[in-house]
Amino acid sequence: MSGKIRVRFAPSPTGPLHIGGVRTALFNYLFARKNHGTFILRIEDTDQTRYVEGAEKYIIESLGWCGIQIDEGVSVGGPHQSYRQSERKEIYIKYTEQLIKENNAYYAFDTPEEIEKLRKDFEAEKKTFSYDQSIRENKNLVKNSLTLGDEEAMKLVKNGVPYVVRFKTPAGKEVHADDIIRGHVTFNSSTIDDKVIFKSDGLPTYHLANIVDDHLMEITHVIRGEEWLPSLPFHVLLYEAFGWEKPYFAHLPLILKPNGQGKLSKRDGDKDGFPVFPLEWKAPNGDISSGYRESGYLPEAVVNMLAMLGWNPGTEDEILNIEQLVNLFSLEKVQKAGARFDPEKAKWFNHQYLTRKSDKELAELFIPVLEKNKVKFNSQKIEKICSLLKERAHFISDFWHQGYFFFVPPAGYDEKVISKFWKEDTPSLMKDISSIINPVKKFEAPALEQEIKEYIEKHNLGFGKIMNPLRLLLVGTNIGPHLFDIMELLGREETLRRIEKGLQQIKN
């Protein structure tokens, strides 16, 4: 296949976009960018019974948040409009009629009830029912244009009798396909039934619409999830029936549950408390599912994490930005086996990207958290606070949990810390500390540390005898960064006030 690389991501608007879908979009995008190709977003909405309001908008917003830019598609247009399958009905009718005319498809008038009865009859004889080459011409079992004849069939069609169109799968044919990830695969057509390609509602099934659109939109590479691998031989047969050149195929490995047993689902996320969707999803029935964005993940961290699920760049470095991912990406490096999802690794990726941000960027992200908590803050100090907290944080929200005391004085004091570190002489020692830090000219960490260290050495005290109760008075417990940095950021007045207030409250 020659010409410019063209790939597509073609989700169905049936609900929120799973991170497995995001990874499929990402791999298509990386492949397109690496090869200076085109990334297309197509909405496959031929199954109108499963259509969910708001899902298409959610898909577009999710890709945007991840930085996956659409070159052609529903949100940006392009030369192959419409990119929404429900608006391409006339195109599919034309190609369905072509298959019927060339004896590669036929009308079938069997009702759902009749099909169900056949299935039960077969089960009663311990057989598996399949509408295929073994029964399609049996007048006693099925009702279609092969058993009725073309003239009778066309009468039924013209009289408005409901029908579907089935593909006439050739019998005993070896079907060959090449998969970039899995190599050469061979199937026998005897295992494939005569699948419905056009439904009674006047719309095609996924299979026909997918093949027709990929051909007309000049898709060169079909990169999709492993769950579509069983459909591959049927799709190859459709290409051959039309006489069209096949695209290259690549079926991506599944994203597995954290225990490695089975495909990752929403239930796994609900059970273990991690998101499986890029953005928060509000279902039409009011149910809300958490998203990576709302859970505090950075989009670049999510993209990096997803890229490493089932693909190995062949380098030691795991932290790769989008430009590096594009440069290193190749489908040959995608593994066949399923990729186990690790929620802790996802947090690790977020931590790595968090610590790589400048203190100014972190401060801008942290300010909305402070505003939400309705606390007063000094903008100039926020950057310094972020620099002290970022090494311990996985998320921006952690800055509040680990540094609230910079903005709010202790409302109480940790009883466990008191019982462990508060001794009979502690109050007098803390008063001494107040006395020696009060006159310090530059109320900054180095000067404060020097004064307190000299006091400890002069009185032959253990470091913990001073530092632990002092932290308790300033913070309320035994958490937080370097104590002298805390004191500097609190300032002289607030530090002294907290020591005095804490001594009074613990005494009482």
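Residues: numbered from 1 along the sequence shown.
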Is there a salt bridge (charged side-chain N to carboxylate O under 4.0 Å, His left out) between Glu454 and Lys458 once you walk through the steps?
CA-CA 6 Å; Glu454 284 178 5; Lys458 182 181 176 183; over 6 Å; no

Per side-chain contact (heavy atoms from CB on, under 4.5 Å), Phe406 is matched among Leu474, Leu370, Leu388 by Leu388

Exercise for review: Take Asp398 and Arg392 through the salt bridge (charged side-chain N to carboxylate O under 4.0 Å, His left out) test and state the conclusion after the steps.
Suggested key: CA-CA 8 Å; Asp398 291 343; Arg392 302 164 186 228; over 6 Å; no

Would you say Asp45 and Ser86 are linked by a side-chain donor-acceptor pair, where the criterion is simply a distance under 3.5 Å?
yes

Before giving the answer on side chain to side chain contact (heavy atoms under 4.5 Å, CB included), spell out for Phe463 and Lys453 the whole-Å C-alpha distance, their side-chain angles and the decisive distance to 0.1 Å.
CA-CA 8 Å; Phe463 213 67; Lys453 273 188 176 179; 3.7 Å; yes

**Prompt:** Are a donor atom and an acceptor atom from the side chains of Glu500 and Gln504 found within less than 3.5 Å of each other?
**Reply:** no

Apply the test side chain to side chain contact (heavy atoms under 4.5 Å, CB included) to residues Thr46 and Leu208: give CA-CA distance (whole Å), side-chain angles for both, the deciding distance (0.1 Å), then the verdict. CA-CA 10 Å; Thr46 55; Leu208 179 73; over 6 Å; no

The side-chain contact (heavy atoms from CB on, under 4.5 Å) partner of Val22 among Ile59, Leu306, Val302 is Leu306

So, do Glu318 and Gln352 sit near enough that their side-chain heavy atoms are less than 4.5 Å apart?
no

ask   = Is there a side-chain contact between Glu364 and Lys360 (heavy atoms, below 4.5 Å)?
value = yes

>> Please verify the inter-ring angle class for Trp311 with Phe329; under 30° counts as parallel, over 60° as perpendicular, anything in between as tilted.
In response: tilted

When every non-hydrogen atom of Leu325 is compared with those of Val303, the smallest separation belongs to CD1-CG1, 4.0 Å

Check: Do Tyr297 and Tyr353 have ring centres separated by under 6.0 Å?
Finding: no

In the structure I gave you, are the side-chain heavy atoms of Leu264 and Leu254 within less than 4.5 Å of one another anywhere?
no

So CG of Asn468 and CG of Leu473: to nearest 0.5 Å the spacing works out to 11.0 Å

Examine distances only and state if a side-chain atom of Asn438 and a backbone atom of Ser435 form a donor-acceptor pair shorter than 3.5 Å.
no

Given the options Arg23, Lys263, Arg182, Lys336, Glu226 meets salt bridge (charged side-chain N to carboxylate O under 4.0 Å, His left out) only with Arg182

Quiz item: Taking atom types as modelled and ignoring hydrogens, do the side chains of Asp213 and Tyr92 form a donor-acceptor contact shorter than 3.5 angstrom?
Solution: yes

dist His459:NE2 -> Asp432:CG (nearest 0.5 Å) comes out at 6.5 Å

request  = List the steps and the verdict of salt bridge (charged side-chain N to carboxylate O under 4.0 Å, His left out) for Asp201 and Lys199.
outcome  = CA-CA 5 Å; Asp201 64 1; Lys199 300 175 291 180; 3.7 Å; yes

Separation between CD (Gln85) and CD (Glu44), nearest 0.5 Å, reads 4.0 Å

Quick one: sort the Phe407 and Trp400 rings into parallel, tilted or perpendicular, breaks at 30° and 60°. parallel

Just do the side chain to side chain contact (heavy atoms under 4.5 Å, CB included) check on Met305 and Trp348 with the steps written out, would you? CA-CA 9 Å; Met305 177 267 291; Trp348 177 85; over 6 Å; no

NZ/NE/NH1/NH2 to OD/OE distance under 4.0 Å, Asp71 and Arg33
yes

* Asked: Would you say the side chain of Asp47 lies within less than 4.5 Å of the side chain of Thr14, judging by non-hydrogen atoms?
  -> no

Exercise for review: Look at atom NZ of Lys333 and say whether more than 12 heavy atoms of other residues, nucleotides or ligands are closer to it than 6.0 Å.
Suggested key: yes

Strictly distance-based, threshold 3.5 Å: is any side-chain N or O of Arg88 a donor or acceptor partner for the main-chain N or O of Ser82? yes

Other residues, nucleotides, ligands: >12 heavy atoms within 6.0 Å of Asn460 CG: no

**Asked** Are Ile40 and Tyr83 close enough that some pair of their side-chain heavy atoms sits under 4.5 Å apart?
**Response** yes

SG of Cys386 to CZ of Phe366, rounded to nearest 0.5 Å, is 6.0 Å

Worksheet item: Taking C-beta and beyond as the side chain, do Ile180 and Glu332 meet within less than 4.5 Å on heavy atoms?
Response: yes

### Message
Donor-acceptor check, side chain of His221 to backbone of Ile223, threshold 3.5 angstrom: yes or no?
### Response
no

Interatomic distance, OG1@Thr38 vs CD@Glu218, rounded to 0.5 Å, equals 9.5 Å

Worked verdict on Glu451 versus Ile433 for side chain to side chain contact (heavy atoms under 4.5 Å, CB included): CA-CA 9 Å; Glu451 290 291 336; Ile433 294 298; over 6 Å; no

On a heavy-atom basis, the closest approach of Val52 and Pro284 is CG1-CG, 3.8 Å

All heavy atoms of Pro253 vs all of Val334, minimum pair found to be CD-CG1, 3.6 Å

Looking only at atom types and distance, does a side-chain atom of Glu494 sit under 3.5 Å from a main-chain N or O of Gly491, one as donor and one as acceptor?
no

inquiry  = I'd like to know if the side chain of Arg8 reaches the main chain of Leu41, judged simply by a donor and an acceptor atom lying under 3.5 Å from each other, with no hydrogens or angles considered.
reply    = no

On a heavy-atom basis, the closest approach of Asp317 and Pro313 is O-CG, 4.5 Å

Here the gap from Arg498 atom CZ to Leu490 atom CG, rounded to the nearest 0.5 Å, amounts to 4.5 Å

Residues, nucleotides or ligands: over 12 heavy atoms within 6.0 Å of His184 NE2:
yes

key: Parallel, tilted or perpendicular: rings of Phe249 and His251 (30°, 60°)   = parallel

Does Lys384 offer a backbone N or O that forms a donor-acceptor pair with the side chain of Asp359 under 3.5 Å? no

Per side-chain hydrogen bond (donor to acceptor under 3.5 Å, both in side chains), Asp214 is matched among Lys246, Arg42, Arg6 by Arg42

Residues Val7 and Ala32: closest non-hydrogen pair is CG2-CB, 3.8 Å

Counting N and O atoms only, with roles assigned by atom type, does the side chain of Asn304 sit under 3.5 Å from a partner on the main chain of Leu320, one being a donor and the other an acceptor?
-> yes

Is Trp422 close to Ile506 at the side-chain level, that is, under 4.5 Å between some pair of heavy atoms? yes

Heavy atoms of Thr24 and Gly225 approach each other most closely as OG1-N, 4.3 Å

Notebook entry, point to check: Can you tell if the side chain of Asn210 reaches within under 4.5 Å of the side chain of Trp228, non-hydrogen atoms only?
Noted result: no

Taking everything shown except Lys501 itself, do over 12 heavy atoms lie less than 6.0 Å from its NZ?
yes

Review point. Do the ring centers of Phe341 and Phe274 come within less than 6.0 Å of each other?
Key: yes

For Glu371, does the CD atom sit with more than 12 other heavy atoms under 6.0 Å from it, leaving out its own atoms? yes

**Prompt:** Taking 4.0 angstrom as the limit, do Glu300 and Arg356 come out as a salt bridge?
**Reply:** no

